[in-house]
Amino acid sequence: MHLLLDSGAVNEIREASSWGVIRGATTNPTLLRKAGVESITRFVSSWEPSWGTLHVEVFAADREGMVEQALRWVALGKPIAIKVPCTPEGLAACRQLAQRDIPVNVTLVFSLSQALLAAEAGATYVSPFVGRLEDHGMKGVQLVADIRNGYDRTGVPTQILAASLRNPQHVQEVALAGAHWATVPWDVLQKLFHHPLTVDGLKRFDADAAHLQD
Ligand code: E4P
């Protein structure tokens with residue numbers, strides 16, 4: 001399972017990318033606003049291809065507006081995927097973009113039926129929202145497993161990108177449930193590194209290394 005950073009903050013994306021553990025970033029209007037981004041076009045323009053793929057979300061009300069926004073960002077020549085909502089207008093835009101070989105991530109997915117529709121519309125990625133489902137007392141990780149099962153039975157090529165992950169446990173569970181990708185917030189990515197035995201082991205190695213020459 002590949003990782004993306006769930007963030008609109010360039011400093012976080014740059015640093016996580018330098019660690020060699022992410023293949024890009026997912027954004028949404030909320031994350032970009034939180035990071036102080038004012039123009040999506042400027043944000044996409046400043047994207048470094050070495051950071052991987054940037055998933056950027058359209059916010060127009062209808063398919064024509066969504067496709068127009070997407071084509072404007074694609075024309076900037078960066079490695080991007082276009083996020084569209086799982087609505088009739090969003091999926092109509094997905095179909096049009098997929099026909100132009102533009103990778104589309106269908107977002108705000110909360111059920112297997114939505115994931116099946118996204119695949120039919122030609123989505124490259126589908127994003128089930130694990131944490132938000134659990135906020136409402138539903139089983140987010142199980143949805144990832146169900147989508148993987150449903151897709152595999154008929155050879156659907158759409159990749160599952162687990163989103164709305166709140167802790168390291170979620171990341172481990174969606175990997176075992178068959179997600180192809182997981183997008184993780186900055187704090188969760190840092191927690192993924194942490195293990196008390198690594199800290200303890202390093203302390204001991206450092207103490208012994210002090211008596212050695214390199
Ligand atoms: C990523 O593509 C999603 O927009 C994001 O993971 C949503 O996370 P949230 O539910 O924590 O807002």
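Residue indices begin at 1 and follow the sequence shown. Values reported hereafter were calculated over all heavy atoms of this structure, with side chains retained and with hydrogens, waters and symmetry mates removed. Atoms within each ligand, like the ligands themselves, are counted from 1 in listed order.
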Check your understanding: Side chain, backbone, both or neither: which part of His55 comes within less than 4.0 Å of ligand 1 when only heavy atoms are counted?
Key -> neither
Practice item. Report yes if some N/O of Thr27 lies less than 3.5 Å from some N/O of ligand 1; otherwise report no. Key: no
Revision key, fill the gap. Quick look: Arg166 vs ligand 1, heavy-atom contacts under 4.0 Å, and the answer is side chain
**Study point:** Distance, nearest 0.5 Å, that separates OG of Ser164 from CG of Asp135
**Key:** 6.5 Å
Revision key, fill the gap. CD of Gln114 to CG of Leu116, rounded to nearest 0.5 Å, is 10.0 Å
Check your understanding: For Thr107, is at least one N or O under 3.5 Å away from an N or O on ligand 1?
Key -> no
Check your understanding: If we ignore angles and hydrogens, is there a donor and acceptor under 3.5 Å between the side chains of Ser113 and Ser111?
Key -> yes
**Study point:** Heavy-atom neighbours of Phe193 CZ exceed 12 at 6.0 Å
**Key:** yes
Point to revise | Residue and atom name of the nearest protein heavy atom (relative to atom 2 (O) of ligand 1), distance in Å to one decimal | key: Lys83 NZ, 2.7 Å
**Study point:** Salt bridge present between Arg204 and Asp200 (N-O < 4.0 angstrom)
**Key:** yes
Review point. Where does the angle between the aromatic ring planes of Trp47 and Phe43 fall among parallel (under 30°), tilted (30 to 60°) and perpendicular (over 60°)?
Key: tilted
Exercise for review: Do me a favour and list the nearest non-hydrogen protein atom to atom 12 (O) of ligand 1 with residue, atom name and distance?
Suggested key: Arg132 NH2, 2.8 Å
Exercise for review: Provide, to 0.1 Å, the distance between atom 5 (C) of ligand 1 and the closest protein heavy atom, together with that atom's residue and name.
Suggested key: Asp6 OD2, 3.1 Å
Point to revise | Neighbour count above 12 (heavy atom, 6.0 Å) for Arg72 CZ | key: yes
Review point. What about Ser164: any of its N or O atoms under 3.5 Å from an N or O on ligand 1?
Key: yes
Revision key, fill the gap. Of all protein heavy atoms, the one nearest atom 3 (C) of ligand 1 is Phe129 CZ, 3.5 Å
Exercise for review: Would you mind checking which non-hydrogen protein atom is closest to atom 4 (O) of ligand 1, with the distance to 0.1 Å?
Suggested key: Asn28 ND2, 2.7 Å
Practice item. Look only at interatomic distance and state if Thr183 has a nitrogen or oxygen under 3.5 Å from any nitrogen or oxygen of ligand 1. Key: no
Point to revise | Any side-chain heavy-atom pair of Leu133 and Leu143 under 4.5 Å | key: yes
Practice item. Run the numbers for me: atoms of ligand 1, each under 4.0 Å from some heavy atom of Thr26, listed by number. Key: 1 (C), 2 (O)
